[in-house]
Amino acid sequence: MATELLRADDLSSGYGKVRVLWGTGLAVEAAETVVLLGANGAGKTTLLKVLIGLLPAWSGRIEFGHEDITRLRPDQRVRRRMAYMSELGVFPGLTIEENLRIGGQFVPPAQLRARMAELFETFPALAGKRHALASSLSGGQRKMLGIAKALAADPLLLVMDEPSAGLSPLFVAEVIAVLRRFRGTGLALLIAEQNVAFLDLADRVYTLDGGRIGFSGTVAALHQEDALHRAYFGLG
Amino acid sequence: MLAHAILSGLVFGCYFTLVGLGLNLIFGVMRIVNLAHGDVVMLGAFAAFWLFALIGLHPLISSLIVLAIFALLGLPVYYLVVPRLLAARDSEMLSIILFFGVQQIIEAIATIAFGTSERSIPGRVLGSGPLHLLGQALPVAWVVSAAVSLLAVALVYLYLYRSRVGTLTRAVMVNRDEALASGIDVHRVSALAFGIGVALAGLAGVFSPFMLGSATPAMGGDVNLAAFAVIVIGSLGDPRGTMLGGLIYGVALMLMQTYMSAWANLLPNLLLIAVLLVRPTGLLGRQVRRA
Amino acid sequence: MRRGVREFVTVALPLLAALALAPLFYSNELLLFNFIMFLILAQGLNAIYGFTGYLPFGYVGFFGAGAYGFALAVMHLNASPLLAMACAGVAALVLGVVLTPLLRLSGAYFAIANLAAAQAVYQVISNPALQDVTKGPYGVTLSSVFAPALSYGVALIILAATLALIAWLRNARFGLALQAIREDPVSAAMAGVAVVRGRTIAWLLSALIAGLAGGVFAWHISVFYPETAFDLSFSIFAIVFTLFGGAATQLGPILGVLLLYGLYNVIGITVPQYFQLIYGVLIVLLVLFLPDGLASLATRRGFRVP
Amino acid sequence: MLRRVVVCLLAIACMAGARGAWAQQSRPADERLGGCFDGYLDKAQTEQASAPQPGQPGAPAEIRIGHLHASSGPYASISMPVYLGLKLWVEQMNAGGGAMVKPFGRKLPLRLISYDDQSNPGTAATLTNQLITQDKVDLLIADSGSVLTAVSVPIAREHKMFLFDPTGTGAAFFSKDNPYIALLADPVSTVWPRFLWEFLKSDVAAAGLTRVAILYSTNDFTGTQAASIRAALKAPGSPVQIVFDQGVPTSTSNYAVLIDNIAAANPDVVLELGYVGNDIAFLRNLQESGKNFRMVFTLYPGIETSTLLKNVGQSGLAGVFSYVTALAYSYPPEVGMTLEQFRGSWEKAYAKSGVEFGWNAIAGYVTGLVLGQTLACTDSLAQLDVRKSVFSLSGKLKTLIGTFELNEQGAQIGELTPIGQIAPEGKDGIHFTVVYPPAMASGKPIFGAK
């Protein structure tokens with residue numbers, strides 16, 4: 001059995017008095033790709049924010065590499081090689097290179113240089129614009145930069161919040177293609193999405209509804225759950 | 001007259017860049033308005049005054065001491081008030097009130113400690129007689145103050161654009177939430193910026209007796225108004241904008257003094273409003289307008 | 001709407017009655033007058049800040065415009081005090097209209113631009129070039145219309161009208177729409193709220209209230225300098241009182257003024273030598289430990305504050 | 001109706017008071033000022049010794065003196081020295097058993113109730129009312145600085161409380177229909193510069209210096225002085241020509257460009273009229289600019305001499321003309337301490353307070369002296385009697401700042417300050433040479449020194 005990288009149990013959290021998560025839990029193993037499927041307002045972003053530490057957990061426990069990280073700050077979690085890509089994903093007012101440097105802020109300088117060279121190879125569109133502001137990039141390119149920035153941290157786990165948001169289907173395919181290249185490099189992915197196209201990447205799937213985990217299992221198993229299948233894939 | 005007004009406006013503008021710089025850095029990074037900025041400038045002036053009066057310390061040396069001590073004083077103040085403040089719902093607005101309170105405290109303590117009489121350091125300490133520059137005579141003390149200001153602006157620029165922490169600082173300026181999400185230790189970066197902002201205000205204070213005649217515990221209010229004008233004309237949060245704002249402010253003020261002196265103080269305010277309405281982002285700024 | 005009437009009756013009427021009777025028992029009438037004036041100013045500020053989120057740091061600009069509107073009407077038109085009060089309101093409204101473009105700014109930008117605008121008005125009025133019109137820096141004397149009892153009564157009427165307005169805003173659809181703007185301008189706009197019109201109306205109402213307060217202040221105090229009418233502490237006090245009590249309610253700013261201005265005077269009278277220090281510390285503690293104001297103590301427990 | 005009658009009566013009382021000489025002729029001799037005035041300190045002591053009627057019916061336990069000061073804000077630097085000077089007087093009186101109060105025929109201790117208005121006029125107004133209505137003070141003293149004094153004027157009048165105004169020189173406070181005010185220490189702004197314009201039109205013009213530049217701060221205090229100087233210099237037959245006449249905001253802290261502009265107008269004489277901070281900045285900038293004018297006059301070297309000396313320095317002040325106040329021209333006082341004694345007491349009491357000794361400190365002390373004499377001469381503590389008593393001192397009371405003299409509106413017109421020129425003295429001291437009026441002059445002006 002593969003080693004368990006991230007484990008969250010019985011999380012509850014929310015905003016002010018409004019509770020969004022109701023005893024939610026999930027687990028990600030090393031080098032595994034997990035998709036968290038849920039509609040708008042299901043609590044995906046909230047769950048990810050609790051996992052990375054942007055929102056406090058009201059109750060429950062989070063472990064990363066068998067260490068209790070429930071009370072750690074986001075920067076302490078990132079130091080432990082857990083990266084997070086928000087929906088925005090980049091700093092528009094900074095250059096592309098600066099964005100990558102921020103992603104790799106905890107990586108030793110020599111290693112970061114090598115890492116950045118690698119990333120520019122993987123994302124050639126960015127290489128030519130190292131010193132341009134991220135705000136000058138197109139939507140698709142920005143998403144690529146977001147991924148590159150998160151990967152600059154050389155993470156064990158990359159947590160992504162809706163990488164497809166705001167992208168045309170063409171770019172969504174491109175994003176999926178890029179992510180596929182990182183599967184099997186030892187990187188674990190936790191992707192919160194409502195776009196079922198990402199299931200192509202998934203080893204396992206969780207569905208989130210009303211702040212609670214509904215289904216968990218393989219993609220194949222999901223396809224067998226008629227009700228869920230209809231809910232996410234429509235009647236077609 | 002015109003040449004003299006413009007030249008001294010530029011020199012004056014350099015100094016006013018320094019006056020606005022710390023306020024701007026703190027606003028840019030934390031989105032809070034340090035209404036006590038002018039009072040920190042006042043404290044810097046008194047620090048330099050006492051260092052000179054008691055042990056005869058040259059203001060240029062005092063400025064290094066003030067920079068260090070004020071930065072160190074800024075850190076505990078940051079941790080005492082700012083994180084709590086930022087957690088509140090409308091922290092940008094609340095900050096105005098909070099720092100109004102801080103301003104009252106500083107002014108009250110300064111009055112108790114220093115009394116109410118005017119204090120200053122003789123101008124000759126920075127060099128005597130006028131300096132001839134481009135055919136115009138300018139006080140040496142002005143030129144020295146302006147040079148120190150330029151140096152401070154350059155150092156802040158290098159810090160922000162050429163250092164690793166500077167990049168992180170600018171990331172926080174661009175988007176605080178994204179900075180948190182990217183694993184930046186936002187409080188450490190902010191505390192540092194707060195300390196630097198306070199230190200810059202103190203530095204501006206060291207040279208205020210040379211540029212503003214004398215210092216009293218009540219001087220903070222006027223300094224604040226000038227600093228606001230400078231940073232808004234430039235653009236909130238950008239040191240290059242502050243430089244531009246400072247120069248425009250200085251030249252405009254001196255031109256007004258030359259041609260319509262009684263109205264001299266009106267211009268910076270009108271300029272500020274005009275710039276905000278025509279280019280709400282300041283001359284070098286980003287989006288601030290809302291729906 | 002009926003709730004608005006009920007709230008006015010339960011909150012505002014007892015206050016108004018108390019202030020009307022107070023001079024019979026307490027002879028520092030000017031202190032009572034200042035309470036009324038700050039109650040008006042705090043509620044006027046509430047109309048714009050509480051309901052739209054714009055913090056007018058230069059709110060004193062309207063106050064000063066009102067004071068000088070009153071003074072100019074008396075000096076040049078020989079107007080009766082009541083006519084001069086109307087001029088005070090008009091002066092502030094005109095300034096409000098002129099400054100409407102500032103509403104395009106947000107957050108601190110708006111606050112600072114508004115402050116600059118107030119300063120600009122002060123600098124124009126106090127300029128010696130306008131000595132023939134405004135008496136410039138030399139101040140105005142309105143002893144011909146000085147009538148403390150009457151101006152006290154007029155101040156009470158203005159306060160009553162202001163409180164009624166806030167009670168209405170708090171409960172009418174218009175007020176709710178304004179609060180929606182405050183929470184989220186984009187979606188409020190999409191929900192069909194006429195964002196710009198709504199906030200402009202709140203802005204002008206707020207200006208009018210401050211102008212009337214300034215007018216009645218000029219009338220009551222009768223000898224003053226431009227520095228007096230444009231003293232920045234009017235803005236700051238009104239803001240601090242409103243925030244301390246809790247914006248967007250009727251009761252909050254009232255409590256804010258009664259408690260904080262009361263405390264201000266108690267400190268000023270009992271420990272004058274540490275006056276400023278104590279008041280500064282108090283403000284810092286309030287912001288840190290009660291950032292949403294007194295009203296939040298109740299709302300957090302699920303009570304509705306009128 | 002009633003009010004009108006009262007006003008009429010007051011106007012009459014006012015005129016009666018102002019024409020002191022006439023009024024005295026018509027009164028019995030023992031009620032005259034002289035009876036209670038001449039060296040009352042000694043007399044009070046002898047009275048004490050020769051059994052003062054103890055337990056006079058209705059004698060209060062103390063005399064309550066209400067006062068406002070500003071410990072912070074823009075007026076603090078004017079207000080604090082006045083406050084401390086007054087406080088010093090009160091403490092001295094109390095150390096000597098209190099002040100002689102004529103209606104009770106004995107000394108009563110004084111209680112000074114001084115609130116801090118923080119330079120906020122609104123607060124000053126409420127606190128004035130507090131002093132009158134709650135503390136029920138016997139004597140009321142306004143804050144210094146015209147902006148703060150102004151708010152107290154109508155309140156005092158409304159409550160028929162006589163307002164002792166130490167230094168609020170705004171000409172608008174003093175009107176014939178308001179009997180409830182008198183200016184104690186500063187000359188009213190409209191007459192203060194009289195010796196200055198006389199000097200300019202006579203000696204200075206005769207020396208060939210006829211081109212005058214006026215630069216003033218646009219506030220009531222200096223604006224009014226500028227206006228009266230302007231009017232006098234423009235009067236028909238004036239040998240003087242105004243070549244530069246501009247106002248600047250009082251918050252101006254930098255004069256280099258203005259000095260350059262003035263130089264372009266090529267004046268012989270430069271008058272800079274501002275507050276302390278303005279004068280310091282102007283004189284510093286002037287020294288650093290390297291520009292020279294044949295005569296430079298500013299207000300504060302003579303008013304806050306030690307503050308100016310500390311901020312501008314000996315070389316920056318040398319040659320400058322200014323008013324010569326009691327700081328540099330000693331008047332033999334008939335009441336109270338001499339300048340040297342007062343200065344000594346001040347240094348002893350306030351050396352560490354951070355409030356410099358200067359004219360305003362003296363003004364506070366003189367306010368106290370006037371108060372003391374008023375109590376010694378008044379028929380009762382009724383405010384109109386207090387007023388009568390204050391006016392009866394006019395022309396007679398001689399303190400360390402000269403003769404106290406009021407016009408019929410209550411404005412101070414005595415104590416006029418001669419014009420002097422500063423010369424260096426010792427290593428870093430200065431002294432004034434009085435150059436005008438001739439009767440007081442101790443030397444000749446030296447033009448072209450600055």
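Proteins get letters first, then strands, A, B, ... in listed order; numbering begins at 1 in each.
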For the residue pair [Y] / [X], report whether a side-chain donor-acceptor contact shorter than 3.5 Å exists.
{"X": "D:Ser175", "Y": "D:Gln409", "result": "no"}
{"X": "D:Thr123", "Y": "C:Tyr264", "result": "yes"}
{"X": "D:Tyr255", "Y": "D:Asn278", "result": "yes"}
{"X": "C:Thr228", "Y": "C:Asp231", "result": "no"}

Part of [X] within contact of chain D (heavy atom distance under 4.5 Å):
{"X": "C:Tyr261", "result": "side chain"}
{"X": "C:Phe33", "result": "neither"}
{"X": "C:Leu32", "result": "neither"}

Region of [X] that comes under 4.5 Å of a non-hydrogen atom in chain C:
{"X": "D:Val153", "value": "neither"}
{"X": "D:Phe221", "value": "neither"}
{"X": "D:Gln130", "value": "both"}

As an exercise: rank [options] by heavy-atom pairs under 4.5 Å with chain C and give me the winner.
{"options": "D:Ile113, D:Ile155, D:Thr224, D:Asp135", "result": "D:Thr224"}
{"options": "D:Ala125, D:Ala227, D:Ala124", "result": "D:Ala125"}
{"options": "D:Pro249, D:Ser152, D:Ser146", "result": "D:Ser146"}
{"options": "D:Leu148, D:Asp116, D:Asp117", "result": "D:Asp116"}

- Pick from C:Asn34, C:Asn127, C:Ile269 with the largest number of heavy-atom pairs that fall under 4.5 Å of chain D: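 Heavy-atom pair counts peak at C:Ile269.
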- Item | Largest heavy-atom contact set with chain D, pairs under 4.5 Å, which of C:Ile221, C:Leu31, C:Asn28 |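 The residue among C:Ile221, C:Leu31, C:Asn28 with the greatest pair count is C:Asn28.
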- Check whether more than 12 heavy atoms from other residues, nucleotides or ligands sit under 6.0 Å from atom NZ of D:Lys136, and answer yes or no.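 For D:Lys136, atom NZ is crowded (more than 12 foreign heavy atoms under 6.0 Å).
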- Query: Do C:Tyr59 and C:Phe63 have ring centroids that are under 6.0 Å from one another?
  - Reply: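 When the ring centroids of C:Phe63 and C:Tyr59 are compared, they turn out to be at least 6.0 Å apart.
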- Message: Can you confirm if the aromatic rings of C:Phe217 and C:Phe234 lie within a centre distance of less than 6.0 Å?
- Response: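 Centroid distance C:Phe234-C:Phe217: below 6.0 Å, so yes.
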- Indicate yes or no for a side-chain donor-acceptor contact from C:Gln131 to the backbone of C:Gly136 under 3.5 Å, with no hydrogens or angles considered.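 Side chain of C:Gln131 to backbone of C:Gly136: no pair is present.
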